[in-house]
Amino acid sequence: MEWLRKVTNGDTKNAIAVRSDLPTSTLNRQWNDEKFSADVVISVAHAYGASPIEGLSALGVITRDDIERLRSDDALKDATDDQLLQELARRLADQHDVIVDDPASAWNMPVGVRLEPAASHDKRKGQAKGVDEEYA
């Protein structure tokens, strides 16, 4: 496995096993079969300060799409409100012509058209009108 050779900088199998706290026999067997378990890849990655995610990708356990999805999800969770708003503004700007040219877009509604909620709720009277479950 190319990833393993790259991460371990050409160390011997014995050195890799010792550094990764793996039984030498396990590493030798998997090395000779060129078939590594996820546990071995993760142990080696941790021992050598490499990304276990990249190792699992090289092993074929996860795909590049899995990694990108994870990075994207993490980026969204870690983003500040300001960063999210800036990204939304950038995306809207990129799609401006598509949005404006779409006849069904809210941007193209006639002036004076008033949009009504599916239901309304008069808090003072405690009455609900309409079918929206949120107000019923």
Side-chain angles (χ1 to χ4, degrees):
M1 171 190 251
E2 183 61 31
W3 175 86
L4 191 71
R5 287 180 185 88
K6 180 181 170 186
V7 166
T8 58
N9 298 314
D11 283 357
T12 65
K13 290 183 272 185
N14 190 49
I16 296 168
V18 169
R19 186 168 174 175
S20 304
D21 197 27
L22 293 167
T24 305
S25 60
T26 299
L27 186 62
N28 275 327
R29 185 180 63 256
Q30 292 186 20
W31 192 288
N32 292 336
D33 293 343
E34 293 186 14
K35 193 172 186 181
F36 297 92
S37 69
D39 290 339
V40 166
V41 169
I42 292 168
S43 293
V44 170
H46 287 161
Y48 283 84
S51 167
I53 301 296
E54 294 294 332
L56 293 172
S57 175
L59 186 62
V61 174
I62 59 175
T63 66
R64 287 278 169 207
D65 287 344
D66 294 330
I67 294 170
E68 289 306 315
R69 192 174 312 115
L70 177 65
R71 287 180 180 155
S72 177
D73 290 347
D74 284 347
L76 285 172
K77 289 175 189 170
D78 295 340
T80 65
D81 291 346
D82 187 52
Q83 290 170 323
L84 290 171
L85 288 171
Q86 287 178 10
E87 176 61 15
L88 182 57
R90 183 194 66 77
R91 290 183 186 193
L92 288 171
D94 287 350
Q95 294 293 315
H96 176 266
D97 291 343
V98 174
I99 293 169
V100 171
D101 291 342
D102 180 1
S105 170
W107 294 105
N108 294 316
M109 289 189 149
V111 177
V113 171
R114 186 163 181 253
L115 300 176
E116 294 289 333
S120 60
H121 182 75
D122 186 338
K123 290 182 182 180
R124 289 174 284 163
K125 294 181 181 177
Q127 296 175 333
K129 296 181 181 176
V131 293
D132 192 344
E133 292 297 324
E134 179 181 346
Y135 297 108

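Values below: every heavy atom of this structure, side chains too, minus hydrogens, waters and symmetry copies.
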Does a side-chain heavy-atom distance below 4.5 Å link Val41 with Trp3?
yes
Let me have the donor-acceptor pairs involving side chains of residues 29-38, under 3.5 Å, with sequence neighbours excluded, atom names and distances please.
| unit_1 | atom_1 | unit_2 | atom_2 | d |
| --- | --- | --- | --- | --- |
| Gln30 | OE1 | Ser37 | N | 2.8 |
| Asn32 | ND2 | Asn28 | O | 3.2 |
| Ser37 | OG | Val40 | N | 3.2 |

When you measure from the side chain of Ser51 to the backbone N and O of Ile53, does any donor-acceptor pair fall under 3.5 Å?
yes
Could you tell me whether Arg91 atom CZ has more than 12 heavy atoms of other residues or ligands within 6.0 Å of it?
no
How long is the span from the OG1 atom in Thr63 to the CG atom in Leu56, to the nearest 0.5 Å?
11.5 Å
Give every donor-acceptor pair under 3.5 Å between a side-chain atom in residues 4-18 and any protein atom, sequence neighbours left out.
| unit_1 | atom_1 | unit_2 | atom_2 | d |
| --- | --- | --- | --- | --- |
| Arg5 | NH1 | Met1 | O | 3.3 |
| Thr8 | OG1 | Leu4 | O | 2.7 |
| Thr8 | OG1 | Arg5 | O | 3.4 |
| Asp11 | OD2 | Tyr48 | OH | 2.7 |
| Thr12 | OG1 | Ala15 | N | 3.1 |

Got a second to check how far Ile67's CD1 is from Ser57's OG, nearest 0.5 Å?
4.0 Å
